[in-house]
Amino acid sequence: MVRAAPLFTPVMPRTGKPFSVRMTNCGPLGWVSDRAGYRYQATHPVTGRPWPAMPAAVLALWEEITGYAAPPEACLVNFYGAQAKMGLHQDRDEEDFEAPLLSVSLGDTARFRLGGVERGDPTRSFPLASGDVMMLTGPLRLAHHGIDRIVPATSTLLAEGGRINLTLRRVTRPRS
Ligand code: MD6
Ligand code: FE
């Protein structure tokens, strides 16, 4: 998949500061960030090509865990080297906040931080290890969250180390 849609380095809106995490996507829509802002789009920001299809196993996992009536439209793939982290944020670029968010962690363990809907709410942190699947739904759908750090050499899944996280999202409101 990363052969068809290479990892790119997103930058922060306005400032252009690069993320430490590299990204790609699969599915009909992909999440991107550049100086113009955060958004979903149907094509890769560097190659201009449509994102590769979502693997059947990923669609099946969404169906099994979320039971949501419509399939996910975006699978964001985050790649973390040993030094990468992700600041506290909400996932709120979707139209549909009714749909859960589903994440799959692969490779080295990460220290995940979870807060509340308000930015100043208390936070707690816990490890996400390779194979962990986490759903943010209900009152946690809009909770702040981030990755404090990667714990190096905690998995042998990726030959060169690091961590991959898949985040599956429904972006548009399914029509009823
Ligand atoms: C990560 N995850 O685990 C970053 N977002 O690398 C997220 O930003 C995330 O894990 C929404 C729902 C679940 C998540
Ligand atoms: Fe997120």
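Just so you know, ligand 1 is whichever comes first in the structure, and atom 1 is the first atom listed for that ligand. If you're wondering where the values come from, they're calculated on a predicted model, not measured in any experiment.
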| query | Less than 3.5 Å between some nitrogen or oxygen of Arg169 and one of ligand 1, yes or no? | reply |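 Looking only at distances, the answer is no, because the N/O contact criterion of under 3.5 Å is not met.
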| Should the pair Arg163 and Tyr80 be classed as cation-pi, given the thresholds of under 6.0 Å to the six-membered ring centre and 45° from the axis? |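 The answer is yes, since Arg163 meets both limits relative to Tyr80.
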| query | Side chains of Leu102 and Leu61: does their closest heavy-atom pair fall under 4.5 Å? | reply |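 Leu102 reaches Leu61 side chain to side chain.
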| task | Taking the side chain as every heavy atom from C-beta outward, state whether Glu94 and Tyr40 have any pair of such atoms under 4.5 Å apart. | result |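 Glu94 reaches Tyr40 side chain to side chain.
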Is a donor from one side chain sitting under 3.5 angstrom from an acceptor on the other, for [X] and [Y]?
X      : Y      : value
His89  : His144 : no
Glu73  : Thr172 : yes
Trp31  : Asn25  : no
His145 : Asp91  : yes

Report, in ascending order of atom number, the atoms of ligand 1 lying under 4.0 Å from any heavy atom of [X].
X      : answer
Phe112 : 10 (O)
Leu101 : 11 (C), 12 (C)
Asp91  : 5 (N), 11 (C)
Tyr80  : 1 (C), 4 (C), 6 (O)
Leu136 : 12 (C), 13 (C)
His89  : 8 (O)

| message | Nearest N/O/S atom of Asp91 with respect to the Fe ion (ligand 2), by atom name, please. | response |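 This turns out to be OD1.
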| Of the listed options Arg141, Arg163, His145, closest to atom 7 (C) of ligand 1 (non-hydrogen atoms) |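 It is His145 that holds the nearest heavy atom.
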| field | Of the listed options Ala143, Ser103, Ala110, Ser105, closest to atom 14 (C) of ligand 1 (non-hydrogen atoms) | value |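 Closest candidate by heavy-atom distance is Ser103.
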| said: For atom 2 (N) of ligand 1, what's the nearest protein heavy-atom neighbour? Residue, atom name and distance, please. | reply: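 Checked against all protein heavy atoms, atom 2 (N) of ligand 1 sits closest to Asn165 OD1, 3.7 Å.
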| request: For Arg39, look at atom CZ and say whether over 12 heavy atoms of other residues, nucleotides or ligands are found less than 6.0 Å away. | output: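 Count over threshold, so yes.
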| field | Apex the Fe ion (ligand 2); atoms His145 NE2 and His89 NE2; angle rounded to 10 degrees | value |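 Computed angle, vertex at the Fe ion (ligand 2), rounded to 10 degrees: 80°.
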